K.L.:
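Here it is, the structure, as structure tokens.
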Number of protein chains: 4
Amino acid sequence: MSKAGVSGGVAAGQIKSIIERVERLEEEKTALAGDIREIYAEAKSNGYDVKVLRQIVRIRKQDAAERQEQEAILDLYLHALGMTSD
Amino acid sequence: MSKAGVSGGVAAGQIKSIIERVERLEEEKTALAGDIREIYAEAKSNGYDVKVLRQIVRIRKQDAAERQEQEAILDLYLHALGMTSD
Amino acid sequence: MSKAGVSGGVAAGQIKSIIERVERLEEEKTALAGDIREIYAEAKSNGYDVKVLRQIVRIRKQDAAERQEQEAILDLYLHALGMTSD
Amino acid sequence: MSKAGVSGGVAAGQIKSIIERVERLEEEKTALAGDIREIYAEAKSNGYDVKVLRQIVRIRKQDAAERQEQEAILDLYLHALGMTSD
DNA sequence: TCGCCTGATAGTTGCC
DNA sequence: GGCAACTATCAGGCGA
């Protein structure tokens, strides 16, 4: 069939399965977000500055991203210069 | 002490632990987001309209939230009438 | 009035003004996007690799953002240590 | 030459010019985005519902697009009937 | 030219 | 209750 579910109700089970798998994963995702919040709350109660901690995490993530970008552009340069193995 | 880590470098290990635990959880969160995207991609390749599927998930979440709220209101009434066991 | 436009049609002119100002600005924004596309197209016709150019712009923007973040966290540290002038 | 800048450093100035022109335009674009945000913020402080205002702008843009499409279709018909001047 | 994918934007949620 | 960070959605650019 060219379009799932159009030719009848036969796909209902499949849709249900998709929805439920997504919902399950989103549930886990929400739980993890809660765990993170909990860690920060605990840190705060131990006298740490949560804003600073969050900023540190953010910067480390940015660093990683920047490194990725740097590698990506290096690859681009190498390709442009025909210096790659592929 | 009024501010953790200010009175010396003793808290460095603790900070490191906090940061790493958060990063670990965020990594898992990102992985789950990837899984969800994968499911939608697979659904799309099976001919489903991803936008519609996302909307269904959203509506079901809203419904769940409303149900929660309804129950909360019901509890409120029951409490007000002294009809609860707690 | 507590809520603009609720007490009558008197705010119609104001709404119209808001909408039109926004639309005007978005138009300009779209035009700028077009200008940028044009520059890249021209560069491409001159033999430049657009992908590389875009990557360069992206990295430079990231660098700037990272610098901002670094400054922000420095400020946070200084505040945390009570070493600021305010 | 088949690839600009590959045969030497002569194109550095040109690249620099391209990058800077793009960055200048992106800066202006960002500034306009800021102006728009400002308008909405002002509207909000005057009691307007920003979400609704955004929706109005979106719908009007869609309408304009549809009108464009209608005109294009009309043109197509007129061309097919040889009723155009070009 | 069409589909994919990344980057920009809008909405939501949590914090102050 | 307002503001800021984060997430999800959407549109434009790129490659096949």
Side-chain angles (χ1 to χ4, degrees), chain A residues 22-23 25-26 29-30 32-41 43-45 49-59 61-62 65 68-69 72 76 79, chain B residues 22 25-26 29-30 32-45 47 49-59 61-62 65, chain C residues 2 22 25-26 29-41 43-44 49-55 57-59 61-62 65 68-69 72 76, chain D residues 22 25-26 29-30 32-38 40-42 44-45 47 49-59 61-62 65:
Chain A
V22 168
E23 285 177 343
L25 292 171
E26 294 207 336
K29 203 147 70 76
T30 301
L32 285 172
D35 292 345
I36 292 171
R37 231 177 304 120
E38 222 173 302
I39 291 178
Y40 281 128
K44 183 177 188 175
S45 75
D49 185 329
V50 173
K51 197 170 174 184
V52 170
L53 293 175
R54 283 185 185 274
Q55 188 94 354
I56 292 170
V57 170
R58 203 180 312 137
I59 286 179
K61 184 149 55 177
Q62 269 202 357
Q68 289 285 102
E69 294 279 309
L76 283 176
H79 271 100
Chain B
V22 168
L25 292 171
E26 294 208 336
K29 203 147 70 80
T30 302
L32 286 172
D35 293 345
I36 291 171
R37 237 178 297 118
E38 225 174 298
I39 291 178
Y40 282 128
E42 184 198 337
K44 181 176 187 173
S45 76
D49 185 328
V50 174
K51 195 172 171 181
V52 170
L53 293 175
R54 284 185 186 275
Q55 203 161 2
I56 292 171
V57 171
R58 203 182 315 136
I59 289 172
K61 183 149 57 177
Q62 274 187 3
Chain C
S2 66
V22 168
L25 292 171
E26 293 207 337
K29 202 147 71 78
T30 301
L32 285 172
D35 292 345
I36 292 171
R37 231 179 300 121
E38 224 173 299
I39 290 178
Y40 282 129
K44 182 176 188 173
D49 184 329
V50 174
K51 196 171 173 182
V52 171
L53 294 175
R54 282 184 184 276
Q55 189 93 354
V57 170
R58 202 180 314 137
I59 287 180
K61 183 149 56 177
Q62 270 202 358
Q68 289 287 100
E69 294 278 311
L76 283 177
Chain D
V22 168
L25 292 170
E26 294 207 336
K29 201 148 72 78
T30 302
L32 286 172
D35 292 345
I36 292 171
R37 238 178 298 117
E38 223 173 302
Y40 281 130
E42 184 198 336
K44 182 177 187 174
S45 76
D49 185 328
V50 172
K51 194 172 172 182
V52 170
L53 293 174
R54 284 184 186 276
Q55 203 161 2
I56 292 171
V57 170
R58 203 181 314 138
I59 289 172
K61 184 149 56 178
Q62 274 187 1

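Predicted model, so just to flag it, every value in this text is computed and none were measured. Chain A is the first sequence line, chain B the second, and so forth, proteins listed ahead of strands; every chain is numbered from 1.
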K.L.:
Verify the contact: side-chain N or O of A:Arg54 to OP1 or OP2 of F:dA5, cut-off strictly under 4.0 Å; return yes or no.
P.N.:
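No, A:Arg54 has no side-chain N/O under 4.0 Å of OP1/OP2 on F:dA5.
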
K.L.:
Does a nitrogen or oxygen in the side chain of A:Arg58 sit under 4.0 Å from OP1 or OP2 of F:dA5?
P.N.:
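No, because none of the side-chain N or O atoms of A:Arg58 sits under 4.0 Å from OP1 or OP2 of F:dA5.
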
K.L.:
Rounded to whole angstroms, how far apart are CG on D:Asp49 and P on E:dA10?
P.N.:
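Taking CG of D:Asp49 and P of E:dA10, I get 15 Å after rounding.
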
K.L.:
Verify the contact: side-chain N or O of D:Lys51 to OP1 or OP2 of E:dT12, cut-off strictly under 4.0 Å; return yes or no.
P.N.:
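So the side-chain polar atoms of D:Lys51 do come within 4.0 Å of the phosphate oxygens OP1 or OP2 of E:dT12, strictly under.
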
K.L.:
Is there a side-chain contact between A:Ile36 and B:Lys29, using heavy atoms and a 4.5 Å cut-off?
P.N.:
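They are in contact (side-chain heavy atoms under 4.5 Å apart), so the answer is yes.
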
K.L.:
Which pair of non-hydrogen atoms, one from A:Tyr40 and one from A:Leu53, has the smallest distance, and what is that distance?
P.N.:
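Looking at all heavy atoms of both residues, the closest pair is CE2-CB, 3.8 Å.
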
K.L.:
What is the distance, to the nearest angstrom, from the CG atom on B:Leu53 to the P atom on F:dA8?
P.N.:
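Computing the B:Leu53:CG to F:dA8:P distance gives 16 Å.
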
K.L.:
Between the side chains of A:Gln55 and A:Arg58, does any donor sit under 3.5 Å from an acceptor?
P.N.:
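Their side chains do contain a donor-acceptor pair, which is all the 3.5 Å distance test asks for.
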
K.L.:
Nearest heavy atom decides the nucleotide; on that basis, is A:Lys44 or A:Glu69 closer to the 5' end of DNA chain E?
P.N.:
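Mapping each residue to its closest nucleotide by heavy atoms, the 5'-most match is A:Glu69.
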
K.L.:
Any heavy-atom pair between the side chains of A:Glu38 and A:Asp35 that's under 4.5 Å?
P.N.:
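Yes, side chains in contact.
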
K.L.:
How long is the span from the OG1 atom in A:Thr30 to the CD atom in A:Glu23, to the nearest 0.5 Å?
P.N.:
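Rounded to the nearest 0.5 Å, the OG1-CD separation comes to 11.0 Å.
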
K.L.:
Can you tell me how far C1' of F:dA5 sits from OH of A:Tyr40, to the nearest Å?
P.N.:
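Distance, rounded to whole Å: 11 Å.
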
K.L.:
For A:Glu38 and E:dC15, what is the distance between atoms CD and P respectively, to the nearest whole Å?
P.N.:
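Roughly 12 Å, once rounded to whole Å.
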
K.L.:
Using whole Å, report how far CD of D:Gln55 lies from P of E:dT9.
P.N.:
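Between P of E:dT9 and CD of D:Gln55: 19 Å.
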
K.L.:
Measure the distance from NZ on A:Lys61 to P on F:dT7 and round it to the nearest whole Å.
P.N.:
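Value for this atom pair: 6 Å.
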
K.L.:
Heavy atoms under 4.0 Å, any strand shown: does C:Val50 hit a base, just sugar-phosphate, or nothing?
P.N.:
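Since only primed, P, OP1 and OP2 atoms lie under 4.0 Å of C:Val50, the category is sugar-phosphate.
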
K.L.:
Would you indicate, yes or no, if F:dA11 has its OP1 or OP2 atom less than 4.0 angstrom from a side-chain nitrogen or oxygen of C:Lys29?
P.N.:
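Answer no for this pair, as no side-chain N or O of C:Lys29 is under 4.0 Å from OP1 or OP2.
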
K.L.:
Starting at atom CD of A:Gln62, determine the distance to atom P of F:dA5, rounded to an integer number of angstrom.
P.N.:
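Interatomic distance, CD of A:Gln62 to P of F:dA5: 13 Å.
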
K.L.:
Figure out the CZ/C1' separation between C:Arg37 and E:dT6, and round it to whole Å.
P.N.:
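Going from CZ in C:Arg37 over to C1' in E:dT6 covers 16 Å.
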
